[in-house]
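All heavy atoms count here, side chains included; hydrogens, waters and symmetry mates do not. The model shown is predicted, which means the values in this text are computed figures rather than measured ones. Per chain, numbering begins at 1; letters A, B, ... match sequence-line order.
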2 protein chains.
Amino acid sequence: MAVRLPVEELQRFVTEVFLRTGLSEEDAAISAEILVAADVRGFDSHGVARLDYYVRRIEAGAVNLRPRFHAVAETPATIAFDADNGMGFPSAYRAMRRCIEKAQESGLCLATVRRSNHYGIAGYYATMALEVPGMIGVSMTNATPLVVPPHARDAYLSTAPIAFAIPAGKERPLVFDGATSTVAWGKIEIARRNRQPIPLGWALDAEGRPTTDPFAARFLTPLGAFPELRSHKGYALALLVEVLCGQLAGGVWAKYVGGSRSETIGPSNTGHAFMAIRIDAFRPLEEFLADMDDMLGELRRARPTDGAERVLVPGDLEAETEAERRANGIPVHPEVLATLREIATRYGVPLPA
Amino acid sequence: MAVRLPVEELQRFVTEVFLRTGLSEEDAAISAEILVAADVRGFDSHGVARLDYYVRRIEAGAVNLRPRFHAVAETPATIAFDADNGMGFPSAYRAMRRCIEKAQESGLCLATVRRSNHYGIAGYYATMALEVPGMIGVSMTNATPLVVPPHARDAYLSTAPIAFAIPAGKERPLVFDGATSTVAWGKIEIARRNRQPIPLGWALDAEGRPTTDPFAARFLTPLGAFPELRSHKGYALALLVEVLCGQLAGGVWAKYVGGSRSETIGPSNTGHAFMAIRIDAFRPLEEFLADMDDMLGELRRARPTDGAERVLVPGDLEAETEAERRANGIPVHPEVLATLREIATRYGVPLPA
């Protein structure tokens, strides 16, 4: 049912659309690369399905197309950036690039970004660290309020995703990219597109009651889903992400973040935080990589439960999806394809399908 | 039913016992302070209920009573320690103390500790950062394997707790201390002592099936509890903690950690990781504290769901428990009191009850 579009052609299409909305060449290319990377890795919720969202915010004048991205505070191991309400993708990309450089010099760096916008998948920036030998990468962001604290009625926190990428030697690296809520809002969007019910515990309706109807879902639960299953832990992790991306970065916290998935046309005030750790500041890199291989290999060869095929390491499914989609193209849901066609017509950019 | 023992008297008792087992005066005092701090904050699972465990390991010669705690690698923002198989409490205490000092100088520090032992509650070390103005503290440890990855049959990971402490201005600070498993093993121990069933999703029996019987429980689930509720996220967070405390620290990972809650008499090879972040490296401290007050105040005043009394911020219950117990003493379960009496008799140290 879904049409398959080759990765490179989709990237070219998105780049061209971003260029015509007024982004600089470099920002358009970076934004397209990261947006399509979501589809490449299988995060269908965060890829071209949201191109329309980003384009509409640019059209509404909510994003600064010529921002002055700059550092407002810096030490050898820390740096705080102000994105000047530029697009989230290039702002986050530049922050993580600099964070990695600083960790190469200092062994460790924590970077924050204030006054940014939605940056796509958290994991993209974490995996940038894997391009440098011996580097661990961490990436976090806040977003609009969607998550209800345990025993509360209203949404105060964002899905506050956290991603990390840790290299191994011969084994595939350990890569995690996930919301600190039970699921990301994109999973509700996918269930809606597919007209499928959602498991109890993922979402709450407008009255704050658990629901299995994706169309009734208004809010999300923190990881743990129910107080009895310790949703206060997901809540706490979301707060940690909030503080690093909000209060520490010098921006706002989730309750006051705007712009995402809403018609708000002002700056979103999204904040990010990144960390890079140079492994050989702690121990010889080869020893670390060999120890990672031991652990990841043991986990991948672990005995599965009855009915399960195998035990996975975080990132395995995404890496397999990436290999398959780079070979066969990205499956685009008919509803998503319709919005891409509409954008293609509006901007006069041919869609490769 | 539980006898109440004054905090200071319990600390004096534990200090004296540790002294007689052969710890140095300083190590005995630090160990007693941190062990009893668990009871003070309401982590009954991690306090004097486990004094017998620590004492038995010392008696068995499993712990080095005169360790050479030393740094094996250091940069301005990083430090890797070797605890030389000393007691976990003083090793972790010294590592966090140095981590905070380094962050005062460099703005940020990540410290690892290899070849240590069980360090009690993770939160103690995180909250050490609150004694310094404008410092955020993070603490993590690995431990013996108890947690089963999603779709696996066997335990590979530890409960891999993570704790953090973030200061506020007028509001009480934000303090979290929790395992990345649904619950810590101590919660199973408490259910056993009280002969109470546990919620489905906390634990698995010897066959890997979810169980509500605390006596049948053998393994724990990662936070999320069930694959459908995204237990792969708790699994991933546990792996992040493992890598920082194991592979990065230069020790072993959970599957090979010994000593805790088992009769193993050798070194446990436990690893820890600590982080300290100096807030004013990123933005003026007063602004940060005011923003924290805004968020924590809003959360504490949030409208609760029907049936709930109020919305909590992580650390609220522990702070209230601490105030109450410092005033009225620590309630000690009869089974725990019996082991303390036995230790009191064996070491000739009077127990204040």
When only pairs under 4.5 Å are counted, which of [options] shares the most heavy-atom pairs with chain B?
options                                : value
A:Gly307, A:Pro199, A:Pro284, A:Ala111 : A:Pro199
A:Ala290, A:Ala179, A:Gly201           : A:Ala179
A:Arg310, A:Lys255, A:Arg278           : A:Lys255
A:Ala80, A:Gly250, A:Ala308            : A:Gly250

Drop me the distance from [X]'s [atom1] to [Y]'s [atom2], to the nearest 0.5 angstrom.
X        : Y        : atom1 : atom2 : value
B:Ser106 : A:Leu108 : OG    : CG    : 9.5 Å
B:Phe288 : A:Leu248 : CZ    : CG    : 6.0 Å
B:Leu237 : A:Phe164 : CG    : CZ    : 6.0 Å

Tell me, do [X] and [Y] make a side-chain contact under 4.5 Å, heavy atoms counted?
X        : Y        : value
A:Ile79  : B:Phe282 : no
B:Thr180 : A:Lys233 : no
A:Leu240 : B:Ile166 : yes
A:Val148 : B:Thr305 : no
A:Pro314 : B:Leu239 : yes

Interface moiety of [X] toward chain B, non-hydrogen atoms closer than 4.5 Å:
X        : answer
A:Pro150 : backbone
A:Ile279 : both
A:Leu244 : side chain
A:Thr75  : side chain
A:Leu200 : backbone
A:Leu110 : both
A:Ala254 : neither
A:Val313 : both
A:Glu298 : both
A:Ala236 : both
A:Glu287 : neither

Can you see which heavy atom on [X] is nearest to which on [Y], and at what distance?
X        : Y        : answer
B:Met275 : A:Met275 : SD-SD, 3.7 Å
A:Leu223 : B:Gly234 : CD2-N, 4.2 Å
A:Val311 : B:Pro149 : CG1-CB, 4.3 Å
B:Arg283 : A:Arg114 : CB-NH2, 4.3 Å
A:Thr78  : B:Ala281 : OG1-CB, 3.7 Å
B:Pro304 : A:Arg153 : O-CG, 3.4 Å

Do any N or O atoms from the side chain of B:Tyr156 and from the backbone of A:Ala302 form a donor-acceptor pair under 3.5 angstrom?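 Checked: no pair found.
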Determine, step by step, whether A:Leu312 and B:His232 satisfy the side chain to side chain contact (heavy atoms under 4.5 Å, CB included) criterion, reporting the C-alpha distance in whole Å, the side-chain angles of both residues, the deciding distance to 0.1 Å, and the verdict. CA-CA 9 Å; A:Leu312 292 165; B:His232 76 278; over 6 Å; no
Select one option (side chain, backbone, both, neither) describing which atoms of B:Ala225 are under 4.5 Å from chain A's heavy atoms.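 It is the side chain, since no backbone atom gets that close.
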With side chain to side chain contact (heavy atoms under 4.5 Å, CB included) as the criterion, how do B:Arg230 and A:Trp202 come out once you've worked through the C-alpha distance, each side chain's angles and the decisive distance to 0.1 Å? CA-CA 9 Å; B:Arg230 299 308 199 234; A:Trp202 283 18; 3.7 Å; yes
Which residue out of B:Met292, B:Glu242, B:Glu207 racks up the most heavy-atom pairs below 4.5 Å with chain A?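 Looking at each of B:Met292, B:Glu242, B:Glu207 in turn, B:Met292 comes out on top.
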For chain A, find which of B:Gly246, B:Gly107, B:Ala152 contributes the most heavy-atom pairs closer than 4.5 angstrom.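 Of B:Gly246, B:Gly107, B:Ala152, B:Ala152 has the most heavy-atom pairs under 4.5 Å with chain A.
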Can you list the steps and then say if B:Asp294 with A:Tyr256 is a side chain to side chain contact (heavy atoms under 4.5 Å, CB included)? CA-CA 11 Å; B:Asp294 283 348; A:Tyr256 301 97; over 6 Å; no
Go through it in stages, so that I can follow the logic: the residues are B:Met295 and A:Gln247, the test is side chain to side chain contact (heavy atoms under 4.5 Å, CB included), and I'd like the CA-CA distance, side-chain angles, deciding distance and then a yes or no. CA-CA 9 Å; B:Met295 180 174 77; A:Gln247 286 88 351; 3.3 Å; yes
